Amino acid sequence: MNQPLSIPKGTRDFTPEQVSKRQYIFDTLKRIFSLYGFAPIETPAMEQLSTLLGKYGEEGDKLLFKVLNSGDFIKDISNNDWNEGNSHKLSLKICEKGLRYDLTVPFARYVVMHRNEIVFPFKRYQIQPVWRADRPQKGRYREFYQCDVDIIGTNSLIAETELLLIINNVFDALQLKYITLLNNRKILQGLAERCSLNEHFVAFTTILDKLDKIGIDAVMIELALLPVEQNILNELKNFLQQFLSLSSNSQKIQIAKSFINNEIGLKGLEELDFLVNHAKQLNIEHNIKFDILLARGLSYYTGTILEVKSSETAMGSICGGGRYDNLTGIFGLPDVSGVGMSFGADRIYDIMETLNRFPENLTQPTDVFIANFLPNIENQLIEITQQLRKNQIRADLFYDNTVKLKKQLTIAHQKKIPWVLIVGEDELQQGKYQLKNMNTGEQFLLSLTDIIEKIKKS
RNA sequence: GUGGUCGUAGCUCAGCUGGUUAGAGCGCCAGAUUGUGGCUCUGGAGGUCGCCGGUUCGAAUCCGGUCUUCCACCCCA
């Protein structure tokens, strides 16, 4: 009977208390998203595998959860396929669907499918779970929620600016300190071009991204393995050291301009300059840091990229995003530029939990507990309870009248319900009931109208 | 995906190099208090020592596998 039960690796159950805390985060995000003019959509948990494959780079493809075809999926497989022993290739023949890996690619698919009914620029938010077959760690789950905001159908950098404002609003509301790392894919491309490493863009940026972990010397050693001239590497090293010693965003942009000095790089730096200047005007620049090393793996980004980290804990990024000029192009709708970002609700939850930042009274869903310890008065108790509910008082009627009042009070206490209504024979005769305040222990004999008023006032 | 790590009561953990009936604190239940919770006191229940297998006269303890947790890579929210 006592079989060991379990849930899959990297997934979690949520208790009522956890759910109300998570809901608090979702509600905050929704409120702020709609404040900026975003409307919600939802998409299915599963997408066609063809929609998902190839959008997240080689690594991403490996992390997709595939959904086995229904019916007799074996009959279409040749002996060759079996004997080859290539499980990846085989999986593609028996799986047509996959669980979504993020919300951005499904959104691009949505935009293309609904292009005729969408009014551009289209601003949508979406809060739904995604699945990744990653190896779990703290703050890294196989099922987790993403909370996306995207603006599609505009090149305007005001869109990016508004994203920065949203970040500021959200983390202010949640009372978390944060830092937004800002970069631009064009700057990275310009940097690669400056080093004549256009051909090795991905490798180049991945190595750069490791700098704060392994140090500049180790980065130089790894870069030296690429086909690059040593004197260019030396120049790069000089530039990076100088860059890293600066703290002012404008100064960083200045020296980056003089070092990179090619068309694409300067374009990226101009875009970044625009954002930094606006941030300065909007008084949020102190939370923004130009980080020329920030790469972000997702291959669809083409312009601005950003990543938000908590400045109070060592959790990974809690929000990330950027501009993608041609994501819908893959699905047959070219020339639609979008920019968006994703908040990681689960990581935000973990941080708020360790820093104790949730408001106090989130987990108190019931206002009054109605004790029930006399025979044959349930009709009257149900009637009283309904009256309370009609007045928007959240009321919990106890069902089993054989349970001692003492025990019922313990239950109310454990459920953290602030009021208990005690209805005995004397009270019924008078038409007045005992209302007990569970925090102070005070007790009042009141009519139902007064009870309603008292609970509402508290 | 690679390399490590953890798993003992509802929770947090103890259990020395293998040796009788596996412990503590908190929580839970009952009573002291037959219509009054929290504090106190008294008593009580609760464990296939993650799971499967092996070594041994004997395994929570040693070994192998497996699942899970956490960590470092990788990548990311």
Side-chain angles (χ1 to χ4, degrees), chain A residues 1-12 15 25 29 56-64 87-88 100-104 127-148 202 205-207 209-210 213-214 294-299 301 305-310 314-321 341-351 369 371-374 377 398 401-428 433-443 445:
Chain A
M1 234 17 249
N2 236 353
Q3 287 178 12
L5 297 173
S6 66
I7 55 175
K9 188 199 288 229
T11 66
R12 295 150 299 156
T15 63
I25 296 174
L29 291 168
Y56 307 109
E58 229 174 283
E59 288 298 318
D61 282 357
K62 283 192 219 153
L63 300 179
L64 285 172
S87 51
H88 175 69
R100 62 169 170 249
Y101 176 91
D102 71 358
L103 300 176
T104 307
I127 298 178
Q128 289 193 281
V130 304
W131 293 268
R132 296 183 187 178
D134 220 339
R135 188 167 290 198
Q137 276 180 38
K138 197 179 204 72
R140 170 184 283 191
Y141 306 101
R142 289 188 151 187
E143 178 185 63
F144 62 97
Y145 269 74
Q146 289 199 331
C147 312
D148 276 36
V202 174
T205 54
T206 325
I207 295 169
D209 199 33
K210 289 195 260 187
K213 234 174 216 177
I214 63 175
L294 176 68
R296 295 194 60 80
L298 295 182
S299 47
Y301 291 120
I305 46 182
L306 65 89
E307 196 164 293
V308 182
K309 289 181 168 177
S310 160
M315 182 73 68
S317 61
I318 50 180
C319 176
M341 62 186 176
S342 181
F343 289 84
D346 300 82
R347 285 187 177 174
I348 293 171
Y349 177 97
D350 288 346
I351 289 172
F369 177 97
N372 175 12
F373 53 94
L374 293 178
I377 64 160
F398 195 75
N401 63 21
T402 64
V403 174
K404 289 178 187 165
L405 178 59
K406 180 182 164 67
K407 176 65 183 162
Q408 294 191 31
L409 282 165
T410 306
I411 291 170
H413 174 74
Q414 287 171 326
K415 291 174 100 172
K416 298 192 169 90
I417 300 174
W419 298 98
V420 172
L421 194 62
I422 298 167
V423 181
E425 277 161 24
D426 297 349
E427 286 85 358
L428 275 174
Y433 318 109
Q434 297 284 355
L435 183 65
K436 185 181 174 83
N437 182 322
M438 293 295 278
N439 296 319
T440 63
E442 284 176 295
Q443 213 162 298
L445 186 64

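On a predicted model such as this, the values are computed, not experimentally measured, just so you know. Both backbone and side-chain heavy atoms feed into the values below; hydrogens, waters and symmetry mates do not. So that the names make sense, note that chain A is the first sequence line, chain B the second, and so on, each numbered from 1.
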Discussion item. Given 3.5 Å as the limit, does a donor-acceptor pair link the side chain of A/Gln408 with the main chain of A/Val403, or not?
Written reply: yes
Between [options], which nucleotide has the shortest distance from any of its atoms to the side chain of [X]?
{"X": "A/Met438", "options": "B/C76, B/G37, B/U36", "value": "B/G37"}
{"X": "A/Pro136", "options": "B/C76, B/U69, B/G37", "value": "B/U69"}
{"X": "A/Gln414", "options": "B/C28, B/U33, B/G35", "value": "B/C28"}
{"X": "A/Ser317", "options": "B/G31, B/A77, B/C73", "value": "B/A77"}
{"X": "A/Leu409", "options": "B/U36, B/A77, B/C73", "value": "B/U36"}
{"X": "A/Arg135", "options": "B/A77, B/G35, B/U2", "value": "B/U2"}

Worksheet item: With nearest nucleotides of RNA chain B determined for A/Gly441 and A/Gly344 from heavy-atom distances, which residue corresponds to the more 5′ nucleotide?
Response: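 This one resolves to A/Gly441.
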Practice prompt. Just do the side chain to side chain contact (heavy atoms under 4.5 Å, CB included) check on A/Val420 and A/His413 with the steps written out, would you?
Written response: CA-CA 9 Å; A/Val420 172; A/His413 174 74; over 6 Å; no
Check every strand shown and say whether [X] touches a base, only sugar-phosphate, or nothing at a heavy-atom separation below 4.0 Å.
{"X": "A/Gly424", "answer": "base"}
{"X": "A/Cys147", "answer": "nothing"}
{"X": "A/Leu405", "answer": "base"}
{"X": "A/Thr11", "answer": "nothing"}
{"X": "A/Glu427", "answer": "base"}
{"X": "A/Gln408", "answer": "nothing"}

Rounded to the Å, how far apart are [X] [atom1] and [N] [atom2]?
{"X": "A/Asp61", "N": "B/C75", "atom1": "CG", "atom2": "P", "result": "15 Å"}
{"X": "A/Glu442", "N": "B/G38", "atom1": "CD", "atom2": "P", "result": "18 Å"}
{"X": "A/Asn437", "N": "B/U36", "atom1": "CG", "atom2": "C1'", "result": "14 Å"}
{"X": "A/Asp350", "N": "B/A77", "atom1": "CG", "atom2": "C1'", "result": "11 Å"}
{"X": "A/Tyr56", "N": "B/C76", "atom1": "OH", "atom2": "C1'", "result": "13 Å"}
{"X": "A/Leu294", "N": "B/C76", "atom1": "CG", "atom2": "C1'", "result": "12 Å"}
{"X": "A/Asp134", "N": "B/A77", "atom1": "CG", "atom2": "P", "result": "11 Å"}
{"X": "A/Asp209", "N": "B/C75", "atom1": "CG", "atom2": "P", "result": "8 Å"}

Inter-nucleotide [atom1] distance ([N], [M]), Å rounded:
{"N": "B/A14", "M": "B/G53", "atom1": "C1'", "result": "28 Å"}
{"N": "B/C11", "M": "B/U20", "atom1": "C1'", "result": "30 Å"}
{"N": "B/C71", "M": "B/G64", "atom1": "C1'", "result": "24 Å"}

[X] side chain N/O closer than 4.0 Å to the phosphate oxygens (OP1, OP2) of [N]?
{"X": "A/Lys62", "N": "B/G1", "result": "no"}
{"X": "A/Lys404", "N": "B/G31", "result": "yes"}
{"X": "A/Lys406", "N": "B/G31", "result": "no"}
{"X": "A/Lys407", "N": "B/C29", "result": "yes"}
{"X": "A/Lys416", "N": "B/G37", "result": "no"}

Using a distance-only criterion (donor-acceptor N/O pair, under 3.5 Å, no hydrogens), is the base of [N] paired with the side chain of [X]?
{"X": "A/Gln137", "N": "B/U69", "answer": "no"}
{"X": "A/Lys436", "N": "B/U36", "answer": "yes"}
{"X": "A/Arg140", "N": "B/C75", "answer": "yes"}

Just so I know, are the side chains of [X] and [Y] near enough to count as touching, which here means a heavy-atom distance under 4.5 Å?
{"X": "A/Tyr145", "Y": "A/Asp346", "result": "yes"}
{"X": "A/Arg132", "Y": "A/Asp102", "result": "yes"}
{"X": "A/Phe343", "Y": "A/Gln146", "result": "no"}
{"X": "A/Leu445", "Y": "A/Tyr433", "result": "no"}

Practice prompt. Verify side chain to side chain contact (heavy atoms under 4.5 Å, CB included) between A/Cys319 and A/Arg347, making sure each step is shown before the conclusion.
Written response: CA-CA 9 Å; A/Cys319 176; A/Arg347 285 187 177 174; over 6 Å; no
Worksheet entry | Stacked pair A/Tyr145-B/A77, distance under 5.5 Å, angle under 30° |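 Stacking between A/Tyr145 and B/A77: absent.
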Discussion item. Pairing check on B/C51: which nucleotide meets the Watson-Crick or G-U wobble criteria with it, both distances under 3.5 Å?
Written reply: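 Its partner is B/G65.
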